[in-house]
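Take a look at the structure below.
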Amino acid sequence: QAQFVESGGGLVQPGGSLRLSCAAPENIASIYLLGWYRQAPEKQRELIASITSGDVEIYRESVKGRFTISREAATNTMYLQMNNLKPEDTAVYYCNKIIHGRAFNSWGQGTQVTVSS
């Protein structure tokens, strides 16, 4: 399948903010569930946030209150606003469609987020 394309990562100091973007290869309005994942060095990829077509959001406890997931139909883009970043947020961030609890499309390149002083 076509891949989602992530962008917006970079180097930021602890407490800083970043907004990640996810360009979808299909109409996101037709996708019931989208998610943001991340993979830290030497760790498994993990789902950190998801959003339904009705804008119901679910967050992993470690990012709750700091990250906000959203989707914008006009630009066919999903976003992840990340505030109060911590060193443990350092990872490659990916987005994907979720069907029956599993990421459906092949993985894109992701975007690197590094939180360090």
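Side-chain atoms are counted along with the backbone in the values below, which use heavy atoms only and exclude waters and symmetry mates.
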Item to check | Within 6.0 angstrom of Gln81 CD, more than 12 heavy atoms from elsewhere | outcome: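 Yes.
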
Next on the checklist: Using the rule that Ile, Leu, Val, Met, Phe, Trp and Tyr join whenever any side-chain heavy atoms are under 4.5 Å apart, tell me whether Leu33 and Trp107 fall into a single cluster.
Outcome noted: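 Per the 4.5 Å side-chain linkage, Leu33 and Trp107 are co-clustered.
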
Checklist entry - Under a 4.5 Å side-chain heavy-atom rule over Ile, Leu, Val, Met, Phe, Trp and Tyr, are Tyr32 and Leu47 clustered together? => result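 Yes; tracing contacts between hydrophobic side chains, which count when under 4.5 Å, links both residues.
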
Side chain proximity check, [X] to [Y], heavy atoms < 4.5 angstrom:
X     : Y     : answer
Pro87 : Pro14 : yes
Phe4  : Lys97 : yes
Arg71 : Thr77 : no
Asn76 : Glu26 : no
Ser7  : Leu20 : no

Taking all atoms of both residues into account, what is the closest heavy-atom pair of [X] and [Y], and its distance?
X      : Y      : result
Tyr94  : Gly108 : CE2-O, 3.5 Å
Ile98  : Leu34  : CD1-C, 4.1 Å
Val115 : Lys86  : CB-O, 3.3 Å
Pro25  : Ala2   : CB-CB, 3.4 Å
Ser17  : Asn83  : OG-OD1, 3.0 Å
Gly110 : Val92  : CA-CG1, 3.8 Å

Measure the [atom1]-[atom2] distance between [X] and [Y] for me, rounded to the nearest 0.5 Å.
X      : Y     : atom1 : atom2 : result
Ser116 : Leu11 : OG    : CG    : 6.5 Å
Ile48  : Gln39 : CD1   : CD    : 12.5 Å
Phe67  : Trp36 : CZ    : CH2   : 11.0 Å
Thr114 : Leu18 : OG1   : CG    : 9.5 Å

Next on the checklist: If you apply the rule side chain to side chain contact (heavy atoms under 4.5 Å, CB included), what do you find for Arg66 with Asp89, and how did you get there?
Outcome noted: CA-CA 11 Å; Arg66 300 188 299 119; Asp89 295 319; 2.8 Å; yes

Item to check | Expected output: side-chain Gln3 to main-chain Ser106 donor-acceptor under 3.5 Å | outcome: no

Checklist entry - Would you say the side-chain atoms of Asn105 pair up with the backbone N or O of Asn96, donor to acceptor, closer than 3.5 Å? => result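 Checked: no pair found.
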
Checklist entry - Just one of Ser21, Cys95, Cys22 clears the side chain to side chain contact (heavy atoms under 4.5 Å, CB included) bar with Tyr79, so which one? => result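 Single pass found, and it is Ser21.
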
Next on the checklist: Would Arg45 and Tyr37 count as a side chain to side chain donor-acceptor pair (under 3.5 Å) here? Give the steps.
Outcome noted: CA-CA 7 Å; Arg45 184 184 283 112; Tyr37 300 75; over 6 Å; no

Checklist entry - Stepwise, does the side chain to side chain contact (heavy atoms under 4.5 Å, CB included) test hold for Arg19 with Leu80? => result CA-CA 6 Å; Arg19 189 174 77 154; Leu80 184 69; over 6 Å; no

Table please: side-chain donor-acceptor pairs of residues 58-65 below 3.5 Å, with sequence neighbours left out.
from, atom 1, to, atom 2, distance (Å)
Tyr59, OH, Glu57, OE1, 2.5
Tyr59, OH, Ile69, N, 2.9
Arg60, NE, Glu46, OE1, 3.2
Arg60, NH2, Glu46, OE1, 3.1
Glu61, OE1, Lys64, NZ, 3.2

Item to check | Audit row: Met82, Val113, side chain to side chain contact (heavy atoms under 4.5 Å, CB included) steps and yes/no | outcome: CA-CA 10 Å; Met82 305 185 295; Val113 172; 3.8 Å; yes

